[in-house]
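All values below come from the heavy atoms of this structure, side chains included, with hydrogens, waters and symmetry mates left out. Sequence positions, counted from 1, serve as the residue numbers for this chain. These figures come from a predicted structure and were not determined experimentally.
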Amino acid sequence: MEMVYQPYVDPEFESLLERINAPRVCIDNDACQHCRVVKVDSVNRHGILLKMVQVLTDLDLVISKSYICSDGGWLMDVFHVRDQLGKKITDETLALCIQQELCDTRRRGGIQKELQTCLKRKLGPPYHVSMEHTAVEITGRDRPGLMSDISAALYELGCHITSVVAWTHNGRMACIIQVEDGVKGGPITIPKRQAQVQEKLESVVVEAHHDENGDKRSVRLTGPTAGRTHTERRLHQLMYADRDYEQYQGCDGSCRHRNWCDKTHVTVETCREKGYSVVNVRSRDRNKLLFDTVCALTDMQYVIFHAAINLNGSMANQEYFIRKQDGSSLVSERESFQLTQCLIAAIERRDSRGLRVDICSEDKMGLLREVTRVFRENGLWIARTEIGTQGERASGCFYVRNAAGNDASPRMVELVRQQIGGSVLVVHSSPSEVVDERPRFSLGNLLWSQLERLASSFGH
């Protein structure tokens with residue numbers, strides 16, 4: 001029998017066009033007086049826009065304006081960026097970080113030492129995906145004390161929590177916790193031990209629900225892999241899979257003039273002439289708004305062909321011309337309604353209502369268990385958590401409410417501070433009425449800058 005030989009095709013050949021036409025990044029410091037302008041030209045592929053926005057937001061940059069065009073297989077984007085305090089960026093190393101990250105320096109032998117230092121300082125925990133820990137993903141119904149139960153269970157199992165990001169929305173909760181072996185260090189790799197952790201956490205979540213109606217919940221452990229999804233994008237995916245968007249939270253249409261309403265407005269129309277669906281989003285401006293919106297559209301398998309994002313006072317206006325990944329536009333009212341729900345949910349998940357408590361402390365095993373226990377014993381409900389470690393320090397923030405779901409009183413938080421000790425550094429007033437979150441302490445910036453100065457006052 002005659003054998004037929006198939007020619008060998010190098011796997012790298014499929015990405016040849018992209019490698020030949022690597023992204024070109026131009027950072028213009030003179031085009032605008034108040035911000036830097038980042039211009040990116042690249043071969044268009046699904047998800048490349050999200051990667052660009054992710055890089056900029058992970059570097060603690062605020063995108064105040066953007067224009068996006070990707071017709072004809074080529075992507076041309078313009079971003080106006082500033083720092084977290086709304087000032088023009090003067091750090092030249094940061095400009096190099098942007099260019100290196102967008103151009104995917106892995107093909108060029110890695111990032112230089114000074115760029116690695118910049119990225120480590122800017123990305124910081126808990127958003128940086130660690131290759132040295134085990135990630136625990138949990139979704140389910142939210143309730144007061146749930147984070148306290150989860151952290152206590154991990155402590156009993158001998159797991160050291162190195163970072164945790166938790167969101168709550170519409171009665172649902174999703175969190176990603178990075179843990180390591182409390183004795184040996186490093187990821188938890190023994191299958192029997194992984195099964196014990198998963199079984200224990202599942203029992204905690206089920207007990208928290210008093211689950212008699214088969215309520216949805218999930219606990220999943222993943223080891224250190226190079227392809228692990230960005231933490232905040234993964235949280236969006238978890239809450240989308242948990243269908244937290246089903247409770248409509250946007251404006252109900254009762255306001256006659258939407259320009260006077262500060263709730264989230266989403267409209268979906270059809271441009272039949274060009275074959276696009278036109279999505280208009282109007283909401284309060286806040287940090288990472290563009291990332292959350294683009295993340296939702298990308299993970300719902302929509303392709304953004306054109307977009308314009310700008311600010312109007314305290315409100316942000318976003319306009320997107322999209323199609324489905326198969327090239328078709330939205331044709332049914334049901335599809336349009338679901339897209340509206342999902343975009344509103346993506347925007348509202350990070351709407352940090354409650355009293356913000358910033359914490360810095362010496363890192364130790366069981367620290368999160370102690371802090372969340374104090375919150376619980378004082379009747380405080382944790383609405384959102386961002387905690388990370390760097391070296392021997394742990395820092396982050398909690399957004400807390402009282403048991404009724406209202407803003408916690410500063411007096412109650414002061415009692416908590418006294419019980420925890422010197423680890424509570426800053427207590428912010430409730431941001432529920434604050435439109436712009438940018439002048440705030442960032443995990444990668446201002447809180448870390450205070451650590452050395454206040455290190456002597458921290459207790460274990």
Side-chain angles (χ1 to χ4, degrees), residues 54 57-58 116 119-140 146-168 173-191 193-202 204-205 218-239 349-350 358-372 382 384-398 442-444 447-448:
Q54 178 181 304
T57 55
D58 278 352
Q116 290 177 329
L119 288 172
K120 185 177 181 181
R121 182 179 75 250
K122 294 294 180 181
L123 295 177
Y127 306 115
H128 176 63
V129 177
S130 172
M131 294 296 103
E132 301 174 356
H133 306 115
T134 297
V136 182
E137 300 175 352
I138 303 175
T139 58
L146 180 56
M147 184 56 64
S148 176
D149 288 340
I150 291 173
S151 57
L154 289 170
Y155 177 78
E156 293 173 3
L157 291 167
C159 299
H160 177 217
I161 297 174
T162 59
S163 75
V164 55
V165 184
W167 291 353
T168 61
M173 182 277 297
C175 69
I176 298 178
I177 306 173
Q178 292 191 21
V179 300
E180 65 179 5
D181 191 298
V183 178
K184 300 179 181 178
I188 300 172
T189 57
I190 302 175
R193 181 88 187 280
Q194 292 177 340
Q196 289 175 340
V197 172
Q198 182 164 347
E199 182 179 359
K200 177 66 174 179
L201 291 177
E202 285 178 344
V204 169
V205 176
S218 172
V219 177
R220 178 172 175 261
L221 274 67
T222 59
T225 58
R228 189 185 294 173
T229 306
H230 180 272
T231 300
E232 291 189 330
R233 182 182 183 184
R234 184 59 184 153
L235 277 174
H236 277 299
Q237 293 173 345
L238 290 174
M239 299 207 83
R349 285 169 194 150
R350 207 193 294 268
D358 288 348
I359 294 180
C360 281
S361 176
E362 292 281 355
D363 184 32
K364 66 174 182 178
M365 186 167 172
L367 176 63
L368 184 63
R369 180 195 64 154
E370 294 179 6
V371 175
T372 54
I382 300 173
R384 178 178 154 199
T385 307
E386 298 175 1
I387 298 292
T389 58
Q390 189 168 26
E392 297 180 355
R393 302 293 185 190
S395 75
C397 65
F398 296 89
S442 166
L443 294 180
L447 278 178
W448 287 114

Might you work through the side-chain contact (heavy atoms from CB on, under 4.5 Å) test for Met173 and Leu146, ending with a clear yes or no? CA-CA 9 Å; Met173 182 277 297; Leu146 180 56; 3.3 Å; yes
Could you walk me through whether Ile176 and Val136 pass the side-chain contact (heavy atoms from CB on, under 4.5 Å) check? CA-CA 6 Å; Ile176 298 178; Val136 182; over 6 Å; no
Ala166 meets the side-chain contact (heavy atoms from CB on, under 4.5 Å) criterion, sequence neighbours left out, with Met147, Cys175, Thr385
Heavy-atom nearest pair, Cys159 first then Arg193, reads SG-NH2, 3.9 Å
Rounded to the nearest 0.5 angstrom, the CG-CG distance for Leu221 and Leu201 is 7.5 Å
For Glu392 against Glu362, the heavy-atom pair lying closest together: O-OE1, 3.3 Å
Neighbour count above 12 (heavy atom, 6.0 Å) for Glu199 CD: no
Measuring from atom CZ of Arg369 to atom NZ of Lys364, what distance do you get when rounded to the nearest 0.5 angstrom? 8.5 Å
I need the minimum non-hydrogen distance between Ile188 and Asp181, along with the two atoms involved. CG1-N, 4.2 Å
Sorted by chain and number, sequence neighbours left out, salt bridge (Lys or Arg N to Asp or Glu O under 4.0 Å) with Arg234 holds for Glu137
Rounded to the nearest 0.5 Å, what's the gap from CD1 on Ile382 to OG on Ser148? Could you check? 7.5 Å
Just to verify, what does Glu156 make a salt bridge (Lys or Arg N to Asp or Glu O under 4.0 Å) with, not counting sequence neighbours? Lys200
Determine whether Thr372 and Ser151 satisfy the following criterion, side chain to side chain donor-acceptor pair (under 3.5 Å), listing intermediate values before the conclusion. CA-CA 8 Å; Thr372 54; Ser151 57; 3.1 Å; yes
Does Thr134 have any side-chain hydrogen bond (donor to acceptor under 3.5 Å, both in side chains) partners at least two apart in sequence or in another chain, and if so, which? none
What residues form a salt bridge (Lys or Arg N to Asp or Glu O under 4.0 Å) with Glu180, not counting sequence neighbours? none
From CA spacing to verdict: side-chain contact (heavy atoms from CB on, under 4.5 Å), Gln390, Asp363: CA-CA 9 Å; Gln390 189 168 26; Asp363 184 32; over 6 Å; no
Hey, what do you get for SG (Cys397) to CD1 (Ile387), rounding to the nearest 0.5 Å? 6.5 Å
When you measure from the side chain of Gln198 to the backbone of Val219, do you find a donor-acceptor pair of N or O atoms at a distance under 3.5 Å? yes
Between Ala174 and Met239, what is the shortest heavy-atom contact and its length? CB-CG, 3.5 Å
Can a donor-acceptor pair be found, under 3.5 Å and without considering hydrogens, that links the side chain of Thr162 to the backbone of Gln178? yes
Just jot down the side-chain hydrogen bond (donor to acceptor under 3.5 Å, both in side chains) partners of Thr168, sequence neighbours excluded, or say none. none
Leu367 side chain near Ser361 side chain, heavy-atom distance below 4.5 Å: yes
Measure the spacing between OH of Tyr155 and CD of Glu370 and express it to the nearest 0.5 Å. 7.5 Å
About how many Å separate CD1 of Ile138 and CD1 of Ile150, when rounded to the nearest 0.5 Å? 4.0 Å
What are the two closest heavy atoms between Val197 and Leu157, and how far apart are they? CA-CD1, 3.7 Å
Should Arg350 and Glu232 be marked as a salt bridge (charged side-chain N to carboxylate O under 4.0 Å, His left out) after you check the CA-CA gap, both sets of side-chain angles, and the distance that decides it? CA-CA 10 Å; Arg350 207 193 294 268; Glu232 291 189 330; 2.8 Å; yes
